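I have placed the structure first, in the form of structure tokens, so that the comments after it can refer back to it.
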Amino acid sequence: MEIATKYEPKNIEDKWYQFWIEHQLFASRPNQQKPFTVVIPPPNVTGVLHMGHMLNNTIQDVLVRRARMRGYNAVWVPGTDHASIATEAKVVNMLKEKGIDKRSLSREEFLKYAWEWKEKYGGIILKQLRKLGASCDWDRTRFTMDPEMSEAVTKVFVDLYNKGKIYRGVRMVNWDPKALTAVSDEEVIYHEVQSKLYYVRYLIEGTKDEYVTIATTRPETIVGDTAICMHPEDERYKHLRGKRAIVPLVNRSIPLIFDEYVDRDFGTGALKITPAHDINDYNLGIKYKLDTINIFNDNGTLNEAAQFLVGVDRFEARKQIIPLLEAAGNLVKIEDYTNKVGYSERTNEVIEPKLSLQWFCDMASLAKPALDVVMKDEIKFYPDKFKNTYAHWMENVKDWCISRQLWWGHRIPAYHLPNREFVVAVSKEEALKIAVEKYPELNLTIDDLKQDEDVMDTWFSSWLWPMSVFDGIRNPHNPEVDYYYPAAVLVTAPDIIFFWVARMIMAGLEWRQAVPFKDVYFTGTVRDKLGRKMSKQLGNSPDPIMLMEKFGADGVRMGMLLSSPAGNDLLFDESLCEQGRNFNNKIWNAFRLIKGWEVDEKLPQPQSNATAVKWFTMRLNEVLTEMNDHFEKYRLSDALMAVYKLVWDDFCSCFLEVVKPPYQKPIDGKTYGEIIDIFDKLLRITHPFMPFITEELWHSLKDRKDDESIMVAVMPEPQCGADDQQYLNRFANTQKVIERVRRVRAEKNIAQKNPVNLYVLRKKVAEDDEMDCIIEKLCNIPKVEYITEKMPGAILFIEQNVEYFVPFAENIDKDAELKKLNDELAYVENFLQSVLKKLSNERFVQNAPEQVVAVERKKQADAEAKIQLLKEQIAGLK
RNA sequence: GGGAGCUUAGCUCAGUUGGUUCAGAGCAUCUGCCUUACAAGCAGAGGGUCACUAGUUCGAAUCUAGUAGUUCCCACCA
């Protein structure tokens with residue numbers, strides 16, 4: 001049967017994914033095995049696959065597949081997040097395109113559209129993940145707004161409320177004037193922007209021409225000013241104590257106050273105070289009992305209270321108020337200025353600090369235990385530098401604004417009563433019971449209860465994810481959650497360490513009194529090769545699906561893993577996938593080679609094959625040990641590199657070249673069987689990284705039963721013998737000799753097909769045969785000979801202080817050989833000098849450990865011997 | 001403003017407790033090969049004052065301090 005010379009991933013990938021699904025190989029149920037649980041960081045339900053997902057999910061799949069093969073009952077739970085702001089924004093846009101204004105719809109009508117949209121476009125990303133080979137247990141797919149998940153969220157809200165950890169109050173919050181909702185502190189991103197600093201003077205009340213000048217970046221809020229503040233020790237303003245100023249344009253009288261908050265060196269040292277629109281001003285407002293004048297509508301336009309520019313957007317108002325101030329004689333000057341402005345993470349709209357009535361979750365008490373488990377390494381972070389970040393946030397955590405003025409999300413289970421009180425309960429019926437008991441005099445009926453209009457922050461459901469996917473909130477002692485919880489590892493990006501990771505830990509401890517996962521692997525950010533973040537605007541993000549079509553899913557997986565040590569950013573370049581594809585092809589062709597051999601069972605096994613098998617088996621064990629170590633430390637790219645080198649260098653370039661029978665000759669049966677076993681193991685080791693090609697070849701390698709799969713084959717574990725290291729060293733030395741001979745060939749232009757001779761200047765020992773046959777095979781040497789005297793006129797090299805001679809028919813270029821020898825001599829002499837310097841240092845000999853000194857003495861002896869040999873050879877040449 | 005990290009070959013990165021020829025790997029580069037598994041390949045080669053300075057030490061890529069550059073996180077400076 002002809003096998004193509006190039007690996008074609010396309011058909012193979014779909015075929016095997018289908019096979020895995022049909023045979024339920026991703027499915028998991030609680031059993032007697034040890035569990036290995038991974039819950040996917042749920043992507044936005046309306047999202048599409050990007051490179052960050054590719055990296056993140058490749059890593060998860062590698063870990064899950066490896067665990068499965070190592071005898072764990074591995075489960076990888078997939079799902080999506082309802083992403084309230086992002087999704088609502090998308091639906092609003094979709095409606096707008098259809099000519100429908102959200103405000104013209106009722107809540108129910110809007111939600112109907114939203115659900116339709118979700119059913120139609122939602123979960124595309126999960127389908128895309130299948131292309132990657134993700135071994136998720138798809139039957140367990142969850143959505144954060146599934147009825148059971150919603151029930152869990154409600155239950156948790158009520159529980160926290162009853163524990164006094166949720167409260168409602170008027171606070172200064174981050175208001176998104178585009179999405180028309182409050183957002184949490186974590187959802188505000190600060191960017192540096194070029195803006196202007198406006199100097200505006202306020203007339204001192206009771207004077208004709210005495211002014212105080214302030215500096216502000218937001219002149220449009222002047223009409224909301226209720227004070228001017230200066231530093232109490234500022235000499236410039238001491239005389240103004242107890243006076244009042246007149247707000248320009250609106251001619252309102254406001255007090256001058258003095259507080260140390262003000263920085264004397266900034267601007268003029270005088271600060272206008274607008275308590276309704278700045279958090280600091282708000283705090284000062286409370287301290288000095290100032291009025292609060294809200295001049296903005298929710299959408300960021302000026303309202304009636306502003307008196308001027310009513311209905312104009314805040315940024316437009318900023319422009320338009322300047323000529324007004326100028327005309328009134330209040331504008332002093334304008335300077336360029338760089339400052340930081342907060343933007344909404346989701347809508348990219350400039351955040352407006354706004355006083356509003358919101359729901360908050362008290363964080364301090366939840367944070368304390370969550371901090372401890374990480375500090376005590378009950379949960380380990382990889383890399384551990386994120387412990388610092390985590391600790392800092394936890395120690396300074398502020399209350400969490402959990403209400404959002406949106407419709408798409410989990411509605412807050414608070415029910416308002418006609419008497420302006422409210423009750424919190426899991427259902428309206430429950431709420432009525434409580435209300436009736438509390439306020440019997442009201443004679444309440446169910447229609448008197450009005451549920452709160454707000455929904456909860458998306459993360460208020462995500463933080464339950466490791467529990468709620470196993471129904472661990474509603475039924476805390478069901479067998480599933482008891483078995484699968486906690487997860488073995490969470491793989492996620494560091495930018496959601498506060499949004500999600502920290503809060504999951506809090507939630508796990510609060511409702512299960514146990515950590516939600518044991519390890520957290522923080523992936524890096526995928527950047528382009530210039531180091532820029534991948535973004536739609538830059539158009540520098542490749543389409544993962546196209547990439548997989550071009551290089552194969554296995555190739556792309558390898559590309560993602562190659563240079564992504566935990567926590568380090570990954571500078572992605574297509575060439576990495578190319579390298580992955582090439583590796584696939586290498587394995588593919590190794591398989592072609594082996595499958596092409598004719599086998600003769602009667603043929604005895606040559607020594608070279610016996611040596612090769614013995615060596616490779618040891619080498620394999622060595623690499624397995626190394627890989628286990630890498631995996632323990634989540635150094636996936638190192639683990640992959642170890643496999644890569646084992647397969648390419650050791651297996652293909654060395655092992656196969658040794659056992660390869662001469663052209664059109666058969667291979668002996670014993671060796672062939674051993675090769676098949678070795679190849680089988682290599683495929684299994686490689687499978688977690690590259691699932692498709694390994695499954696394909698694994699099936700072609702031997703006759704397999706219909707339902708067999710490499711996915712559930714046993715992962716080889718290292719089994720090292722006592723003398724392995726010695727044997728490996730001997731083989732490594734042999735490889736060095738081979739390299740030297742090849743170098744001679746390359747330098748002298750002797751083609752591999754022309755045999756050369758090799759003479760070794762030392763006494764032969766019995767063990768030499770084991771290795772010499774390898775040299776003979778790989779260097780095309782008829783027979784390695786041992787001699788007792790130097791061989792003049794031959795090319796010499798020294799390895800391990802043994803002289804080797806390769807006779808060369810043509811005249812040797814004496815000068816060139818001399819130069820080579822002299823160069824080497826100079827190098828060794830230099831080296832000897834450094835060793836002698838050390839050894840002649842009394843303090844070194846006295847202080848350094850004996851072993852270290854002994855090593856130096858050995859170096860000295862070796863170097864001296866080598867110098868002796870080189871000098872002899874140089875003399876001989878002359 | 002505070003904190004954390006990083007700086008090793010052209011690029012991306014390893015380098016565990018200071019000590020074995022410790023200065024490494026992959027990619028890229030150069031040279032020679034279309035050698036019957038693979039040119040998506042084979043064989044070989046070159047390439048680094050370990051950011052800089054000072055210190056500790058018999059000995060520093062590794063420890064300490066400072067400097068420079070860089071990245072990230074946090075923070076209410078108008």
Side-chain angles (χ1 to χ4, degrees), chain A residues 3 5-7 172 190 197-198 214-218 229 261-263 265-268 270-274 278-283 337 339-340 342 353 383 385-390 392-393 396 494-495 497-498 525 529 531 551 555 562-565 567-571 573 575-576 578-597 629 633 635 637-638 641-642 644-645 652-653 656-657 660 663-664 739 742-747 749 751-753 827-828 831 834-835 838 841-849 851-856 858-859 862-863:
Chain A
I3 311 173
T5 60
K6 288 191 167 47
Y7 169 56
M172 186 67 87
Y190 288 88
L197 195 55
Y198 302 88
I214 58 90
T216 180
T217 53
R218 302 202 60 190
C229 187
Y261 166 75
V262 177
D263 177 358
D265 298 327
F266 187 92
T268 60
L271 172 67
K272 76 184 202 64
I273 306 295
T274 322
D278 183 285
I279 178 67
N280 305 302
D281 293 8
Y282 175 68
N283 291 335
Y337 184 63
N339 65 336
K340 286 202 167 177
K385 64 177 178 186
F386 288 111
K387 268 169 87 171
N388 287 327
T389 314
Y390 180 83
H392 185 261
W393 189 76
N396 299 285
D495 52 348
I497 186 169
F498 309 131
T525 307
K529 64 176 169 184
F551 299 106
L562 264 178
S563 70
S564 55
N568 276 20
D569 284 359
L570 159 58
L571 268 54
D573 186 35
S575 68
L576 293 168
E578 206 175 308
Q579 198 185 341
R581 180 201 59 183
N582 293 355
F583 184 47
N584 280 317
N585 206 44
K586 188 73 187 175
I587 298 175
W588 182 258
N589 277 292
F591 174 76
R592 279 182 65 215
L593 176 67
I594 294 167
K595 268 293 160 184
W597 288 335
D629 184 50
K633 294 166 181 155
R635 298 156 84 147
S637 52
D638 288 339
M641 189 46 70
Y644 179 80
K645 287 199 274 192
C652 293
S653 299
L656 286 182
E657 290 300 329
K660 187 200 271 184
Y663 183 51
Q664 288 192 331
E739 261 175 46
R742 283 173 169 171
R743 198 150 102 194
V744 171
R745 279 183 177 281
E747 279 169 4
N749 244 324
Q752 174 72 11
K753 62 185 171 195
Y827 175 80
V828 181
F831 172 68
S834 71
V835 173
K838 253 190 199 176
N841 183 338
E842 273 178 41
R843 287 185 295 181
F844 170 71
V845 181
Q846 280 167 12
N847 294 328
Q851 267 186 338
V852 175
V853 179
V855 164
E856 290 300 317
K858 171 97 168 48
K859 279 192 213 166
D862 288 351

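Predicted model only: the values in this text are computed from it and were never measured. The sequence lines fix the lettering, A, B, ..., with proteins before strands; numbering per chain opens at 1.
With B:rA25, B:rG44, B:rC58 as the choices, the nucleotide that has an atom nearest any side-chain atom of A:Arg843 turns out to be B:rC58. Comparing B:rC76, B:rA37, B:rA14 by their closest approach to the side chain of A:Ala590 singles out B:rA37. When each of B:rC27, B:rG32, B:rA78 is scored by its nearest atom to the side-chain atoms of A:Asn749, the top-ranked nucleotide is B:rG32. Candidate nucleotides B:rG19, B:rG26, B:rC76 were compared by shortest atom distance to the side chain of A:Ala848, and B:rG19 ranks first. Side-chain proximity of A:Arg635 to B:rA14, B:rC77, B:rU36: nearest is B:rA14. Ranking B:rG44, B:rA37, B:rC76 by closeness to the A:Tyr261 side chain, first place goes to B:rC76. Candidate nucleotides B:rC38, B:rA78, B:rG19 were compared by shortest atom distance to the side chain of A:Thr5, and B:rC38 ranks first.
Considering all non-hydrogen atoms of both residues, A:Cys652 and A:Lys586 come closest at CB-CE, 3.6 Å. Here the shortest heavy-atom pairing between A:Leu562 and A:Ser637 reads O-CB, 3.2 Å.
Here A:Glu657 pairs with A:Lys660 in a salt bridge; the nearest charged N to carboxylate O distance falls below 4.0 Å.
Within the nucleic acid shown, A:Ile279 comes within 4.0 Å of sugar-phosphate atoms alone, with no base atom in reach, counting heavy atoms only. Contacts of A:Asp281 with the nucleic acid, taken as non-hydrogen atoms under 4.0 Å apart, are absent. Residue contacts shown for A:Asn388 are limited to sugar-phosphate atoms, with no base heavy atom under 4.0 Å away. Residue A:Gln752 is classed as having no contact, given no heavy-atom separation below 4.0 Å to the nucleic acid. At the heavy-atom level, A:Val855 lies under 4.0 Å from the strands shown only through sugar-phosphate atoms. Residue contacts for A:Ser653: at a heavy-atom cut-off of 4.0 Å it reaches the sugar-phosphate backbone alone, with no base atom in range. Counting any heavy atom pair closer than 4.0 Å across all strands shown, A:Tyr337 reaches sugar-phosphate atoms only and no base atom. Counting any heavy atom pair closer than 4.0 Å across all strands shown, A:Phe498 reaches sugar-phosphate atoms only and no base atom. Among the heavy atoms of the strands lying under 4.0 Å from A:Lys340 is at least one base atom, whether or not backbone atoms are also near. Nucleic acid contact for A:Pro849: base, since at least one base atom lies under 4.0 Å from a heavy atom of the residue.
For the pair A:Asn847 and B:rC58, the criterion of a side-chain N or O lying under 4.0 Å from OP1 or OP2 is met. The side chain of A:Asn589 places no N or O atom within less than 4.0 Å of a non-bridging phosphate oxygen (OP1 or OP2) of B:rA40. For the OP1/OP2 pair of B:rC73 and a distance below 4.0 Å, the side-chain nitrogens and oxygens of A:Tyr390 include no atom meeting the criterion. Contact between the side-chain N/O atoms of A:Lys660 and the OP1/OP2 oxygens of B:rA37 is found at a separation under 4.0 Å. OP1 or OP2 of B:rC42 lies within a sub-4.0 Å distance of a side-chain N or O belonging to A:Lys586. For A:Arg743, a side-chain nitrogen or oxygen approaches OP1 or OP2 of B:rA45 to under 4.0 Å. Phosphate proximity of B:rC27 to A:Tyr644: present, with a side-chain N or O under 4.0 Å from OP1 or OP2.
In this structure, the side chain of A:Asp278 does not engage the main chain of A:Thr274 through any donor-acceptor pair within 3.5 Å.
Checking B:rA43 for Watson-Crick or G-U wobble geometry (two distances, each under 3.5 Å) identifies B:rU31 as its partner. In a base pair of the Watson-Crick type (N1 to N3 plus N6-O4 or O6-N4) or a G-U wobble (N1-O2 and O6-N3), with each distance short of 3.5 Å, B:rG18 is matched with no nucleotide. Searching all strands for a Watson-Crick or G-U wobble partner of B:rA25 with both distances below 3.5 Å returns B:rU12. With both pairing distances under 3.5 Å, B:rC77 is matched to nothing as a Watson-Crick or G-U wobble pair. Pairing for B:rG48 is absent, with no Watson-Crick or G-U wobble pair whose two atom distances lie under 3.5 Å. Base-pair partner of B:rG55: B:rC63 (Watson-Crick or G-U wobble, both distances under 3.5 Å). The base-pairing partner of B:rC72, taking Watson-Crick or G-U wobble contacts with both distances under 3.5 Å, is B:rG3.
Taking the P atoms as reference points, B:rC33 lies 38 Å from B:rC50, given to the whole Å. Distance check on atom P: B:rU53 versus B:rU62 gives 13 Å, rounded to whole Å. Distance check on atom C1': B:rG3 versus B:rU56 gives 27 Å, rounded to whole Å. Comparing the C1' positions of B:rA28 and B:rA51 gives an interatomic distance of 23 Å, to the nearest angstrom. Taking atom C1' on both nucleotides, B:rU16 is separated from B:rA61 by 14 Å, rounded to a whole Å. Comparing the same atom, C1', in B:rA4 and in B:rA75 gives a spacing of 15 Å after rounding to whole Å. One C1' atom belongs to B:rU31, the other to B:rA39, and the distance between them is 16 Å to the nearest Å. The P atoms of B:rA65 and B:rU20 are separated by 25 Å, rounded to the nearest whole Å.
Using a 4.5 Å cut-off on side-chain heavy atoms (C-beta onward), A:Leu656 and A:Ile594 make contact. Under the 4.5 Å side-chain criterion, counting only non-hydrogen atoms from C-beta, A:Leu271 is in contact with A:Tyr261. When side chains are defined from C-beta on, A:Asp862 counts as touching A:Lys858, because their heavy atoms get closer than 4.5 Å.
Donor-acceptor pairing under 3.5 Å, judged by distance alone, is present between the side chain of A:Arg581 and the base of B:rA40. Between the side chain of A:Glu657 and the base of B:rA37, a donor-acceptor pair under 3.5 Å is found.
Between A:Lys385 atom NZ and B:rC74 atom C1' the separation is 15 Å, expressed in whole Å. The separation between A:Leu570 atom CG and B:rC11 atom P is 17 Å, rounded to whole Å. Rounded to a whole Å, the CG atom of A:Leu656 is 13 Å from the P atom of B:rC38. The CD1-C1' distance, from A:Ile273 to B:rC77, rounds to 11 Å in whole Å. The interatomic distance linking A:Lys633 (NZ) with B:rG15 (C1') rounds to 12 Å, in whole Å. In this entry the distance linking CG of A:Asn584 with P of B:rC38 reads 17 Å, nearest Å. Between the P atom of B:rC73 and the NE2 atom of A:His392 lies a distance of 14 Å, rounded to the nearest Å. Atom CG in A:Asn280 sits roughly 18 Å away from atom P in B:rG1 (whole-Å rounding).
Nucleotides of RNA chain B nearest to A:Asp629 and A:Glu739 differ in position, and the one nearer the 5' end is that of A:Asp629. Nearer to the 5' terminus of RNA chain B, by closest-nucleotide assignment, is the contact made by A:Lys6 (compared with the other of A:Val845 and A:Lys6).
The CG atom of A:Asn582 sits 15.5 Å away from the CH2 atom of A:Trp588 when rounded to the nearest 0.5 Å.
Between A:Tyr337 and A:Phe266, the ring-plane angle classifies as perpendicular under the 30° and 60° cut-offs.
A:Arg592 and A:Asn589 form a side-chain donor-acceptor contact under 3.5 Å, judged by distance and modelled atom types alone.
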